[in-house]
Amino acid sequence: MEWLRKRGIKLEQIAELVMFLQQKYFPELTIEYCMYNIEQVLRKREVQNAILTGIQLDILAEEGKLIPALQEMVENDEGLYGVDEVLALSIVNVYGSIGFTNFGYVDKMKYGVLEQLNDKSDGHIHTFLDDIVGAIAAAASSRIAHRKQAEREAEMAQLKAKADSEA
Ligand code: MG
């Protein structure tokens, strides 16, 4: 979470992607419930490893520290490089195959924060980060889809009770 934040990503922005992917199937979905599911995805060790590896490579590319053949491809986010997508699949993988469809879709649509990461105007290299963010959203979406209706309602009621008690 710390490294996502350092690279300019707010969990709310990922939650908006989840809403975009799932709202048509679950009209009762709330942004809080999307955030909760993202947090569950981010607890997984293999997800954390993929995030850190991708961000590290983006940073090394910004600093010009990759070996020359790789530097050019990562810096220019070359379409045929493809390892950024493959790394992100290790995130998508954790909640089964629905994740793959969602990941492909969100990557194609370049919705919300993904559009922002793609226009390279902030001077940063986000070759890996855009796929990582899309993959976290896809994994959280799959988690929501896999929860049965009753379980989703119980989790949402729990979140609401927690928010009410804190207010
Ligand atoms: Mg990419």
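Values in this document were obtained by computation on a predicted structure and should not be read as measured data. First listed ligand is number 1; within each ligand, the first listed atom is number 1. Positions are given from 1 along the sequence. Just the heavy atoms: all of them, side chains too, but no hydrogens, waters or symmetry mates, feed the values below.
- Protein-derived N/O/S atoms nearer than 2.8 Å to the Mg ion (ligand 1) total 4, waters excluded.
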What donor-acceptor contacts under 3.5 angstrom involve side-chain atoms of residues 140-162, with partners at least two apart or in another chain?
from   : atom 1 : to     : atom 2 : distance (Å)
Ser141 : OG     : Ala137 : O      : 2.8
Ser142 : OG     : Gly99  : N      : 3.1
Ser142 : OG     : Ala138 : O      : 2.8
Arg143 : NH1    : Asn37  : OD1    : 2.7
His146 : NE2    : Tyr95  : O      : 3.1
Gln149 : OE1    : Arg152 : NH2    : 2.8
Gln149 : NE2    : Glu153 : OE2    : 2.6
Arg152 : NH1    : Ile144 : O      : 3.1
Arg152 : NH1    : Arg147 : O      : 2.6
Glu155 : OE1    : Tyr33  : OH     : 2.5
Glu155 : OE2    : Tyr36  : OH     : 3.4
Lys160 : NZ     : Asp164 : OD2    : 3.2

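- Hydrophobic clustering keeps Ile98 apart from Val18 (ILVMFWY residues linked when any side-chain heavy atoms are closer than 4.5 Å, directly or through intermediates).
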What pairs of donor and acceptor atoms, side-chain ones from residues 51-63 against any protein atom, are under 3.5 angstrom apart with sequence neighbours left out?
from  : atom 1 : to     : atom 2 : distance (Å)
Thr53 : OG1    : Asn49  : O      : 2.7
Asp58 : OD1    : Thr127 : N      : 3.3
Asp58 : OD1    : Phe128 : N      : 2.9
Asp58 : OD2    : Phe128 : N      : 3.4
Asp58 : OD2    : Leu129 : N      : 3.0
Glu62 : OE1    : Arg7   : NH1    : 3.3
Glu62 : OE1    : His124 : ND1    : 3.3
Glu62 : OE2    : Arg7   : NH1    : 3.4
Glu62 : OE2    : Arg7   : NH2    : 2.6
Glu62 : OE2    : His124 : ND1    : 3.0
Glu62 : OE2    : Ile125 : N      : 2.8
Glu63 : OE1    : Lys65  : NZ     : 3.2

Could you go through the side chain to side chain contact (heavy atoms under 4.5 Å, CB included) check for Val86 and Asp131 one step at a time?
CA-CA 9 Å; Val86 175; Asp131 298 289; over 6 Å; no
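- Grouping Ile, Leu, Val, Met, Phe, Trp and Tyr by side-chain contacts under 4.5 Å, direct or through others, puts Leu89 with Val92, Phe100, Phe103.
- No donor-acceptor pair closer than 3.5 Å links the side chain of Glu166 to the backbone N or O of Ala163.
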